[in-house]
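First the structure, in the form of structure tokens, and then the observations on it.
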Amino acid sequence: MNLSDLRNHLRNVRPEAALVFETHEGPIGGGYHVTEVRRADVTGIDCGANVASWTEATIQLLDGADDDHMKVGRFQGILAKSLEVLDGVAEAPLRVEFANRNHGLGIHRIVAIENRGEQVIATLGSDRAVCKPAQAAALPGKPACCTAAAEPAACCA
């Protein structure tokens with residue numbers, strides 16, 4: 001999911017509906033705050049010595065103190081301003097930084113969005129570490145960095 005996908009889904013929702021983010025630990029508290037929407041250009045080298053560059057978008061949320069949940073209309077305003085100001089953020093893969101009760105900030109992805117009457121529920125799934133060369137090994141002719149067929153690389157030394 002990216003910010004364009006999220007914006008397009010919310011276009012069909014009443015602005016007065018509450019937007020609730022939730023993880024397996026439960027929903028974000030009412031009164032949560034969008035601390036920032038961020039675009040980052042990232043360059044990295046993986047364990048197979050492959051250099052890659054990409055753009056990421058992040059929404060950071062501060063858990064609330066049991067006030068009302070943010071309305072979809074307000075969140076749409078934040079998205080609109082972010083898309084206007086942050087070039088290249090619309091199609092970048094979207095991450096959500098959040099921690100229930102603001103303890104142990106985690107990186108999540110929106111895995112589902114469901115309209116439930118007066119609420120829109122955005123379900124967050126935990127992100128995880130991925131070995132990119134091993135992931136690419138699923139492609140024909142692309143061995144993982146640490147297999148016998150691979151050239152010596154950073155993680156094979």
Side-chain angles (χ1 to χ4, degrees), residues 1-13 19-29 32-64 69-70 72-114 120-157:
M1 175 165 296
N2 58 44
L3 286 177
S4 287
D5 296 333
L6 182 55
R7 177 187 60 195
N8 290 338
H9 181 82
L10 295 176
R11 277 188 178 145
N12 300 319
V13 176
L19 178 59
V20 180
F21 291 89
E22 66 179 26
T23 69
H24 68 281
E25 295 179 40
I28 190 169
Y32 70 86
H33 178 70
V34 177
T35 62
E36 68 181 353
V37 177
R38 181 172 63 237
R39 184 195 94 139
D41 294 319
V42 181
T43 300
I45 184 168
D46 65 28
C47 58
N50 303 297
V51 176
S53 296
W54 63 93
T55 299
E56 296 176 345
T58 303
I59 296 173
Q60 187 178 78
L61 303 174
L62 181 67
D63 202 354
H69 283 91
M70 185 178 293
V72 167
R74 180 180 171 118
F75 191 84
Q76 287 171 319
I78 293 168
L79 282 182
K81 185 65 173 180
S82 300
L83 291 166
E84 173 189 329
V85 172
L86 300 174
D87 291 334
V89 75
E91 303 303 325
L94 178 61
R95 302 170 352 147
V96 177
E97 292 180 345
F98 166 72
N100 285 91
R101 295 170 302 286
N102 299 312
H103 297 289
L105 186 64
I107 300 171
H108 306 276
R109 301 226 182 259
I110 298 174
V111 296
I113 299 177
E114 183 182 352
V120 175
I121 307 297
T123 303
L124 303 178
S126 295
D127 220 349
R128 63 182 183 87
V130 175
C131 175
K132 290 180 181 180
Q135 190 177 43
L139 303 174
K142 291 276 207 170
C145 68
C146 298
T147 65
E151 293 292 320
C155 71
C156 301

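Of all heavy-atom pairs spanning Ser82 and Val89, the tightest one is O-CG1, 3.9 Å. Contact record, Glu91 with Ser4: OE2-OG, 3.1 Å, taken as the closest heavy-atom pair. In terms of heavy-atom proximity, Ala92 sits nearest to Thr55 at CB-O, 3.6 Å. Between Ile28 and Gly64, the closest heavy-atom pair is CG1-N, 4.5 Å.
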Under the side chain to side chain contact (heavy atoms under 4.5 Å, CB included) rule, what do Leu6 and Ile59 come out as? Steps first, then yes or no, please.
CA-CA 12 Å; Leu6 182 55; Ile59 296 173; 4.2 Å; yes

Please determine whether side chain to side chain contact (heavy atoms under 4.5 Å, CB included) holds for the pair Thr123 and Glu114, giving the CA-CA distance in whole Å, both sets of side-chain angles, and the decisive distance to 0.1 Å.
CA-CA 8 Å; Thr123 303; Glu114 183 182 352; 6.0 Å; no

Val34 and Leu61: CA distance, side-chain angles, deciding distance, side chain to side chain contact (heavy atoms under 4.5 Å, CB included) verdict:
CA-CA 5 Å; Val34 177; Leu61 303 174; 3.8 Å; yes

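Scored by the salt bridge (charged side-chain N to carboxylate O under 4.0 Å, His left out) test, Asp127 finds Arg109 as partners (sequence neighbours excluded). For Asp87, there are no salt bridge (charged side-chain N to carboxylate O under 4.0 Å, His left out) partners at least two apart in sequence or on another chain.
Between Asp46 atom CG and Cys131 atom SG the span is 7.0 Å, to the nearest 0.5 Å. Taking NE2 of His24 as the start and CG of Leu124 as the end, the distance is 11.0 Å to the nearest 0.5 Å. Taken to the nearest 0.5 Å, the CE atom of Met70 stands 8.0 Å off from the CG atom of Leu19. The distance from atom NZ of Lys132 to atom CD1 of Ile45, rounded to the nearest 0.5 Å, is 11.5 Å.
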Can you give each donor-acceptor pair under 3.5 Å made by side-chain atoms of residues 94-108, sequence neighbours left out, with the distance rounded to 0.1 Å?
residue: Glu97; atom: OE1; partner: Arg38; partner atom: NH2; Å: 3.1
residue: Glu97; atom: OE1; partner: Gln60; partner atom: NE2; Å: 2.7
residue: Glu97; atom: OE2; partner: Arg38; partner atom: NH2; Å: 2.7
residue: Asn100; atom: OD1; partner: Thr23; partner atom: OG1; Å: 2.9
residue: Asn102; atom: OD1; partner: Asp63; partner atom: N; Å: 2.8
residue: Asn102; atom: ND2; partner: Asp63; partner atom: O; Å: 3.4
residue: His103; atom: NE2; partner: Arg101; partner atom: O; Å: 3.2
residue: His108; atom: NE2; partner: Phe98; partner atom: O; Å: 3.3

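Asn8 contributes no side-chain N or O that, together with a main-chain N or O of Asp5, makes up a donor-acceptor pair within less than 3.5 Å.
Here the side chains of Leu3 and Val37 are in contact, with some heavy-atom distance below 4.5 Å. Annotation: side chain of Leu83 is in contact with side chain of Arg7 (closest heavy-atom distance under 4.5 Å).
A tilted orientation is assigned to the rings of Tyr32 and His69, their planes being inclined by 30° to 60°.
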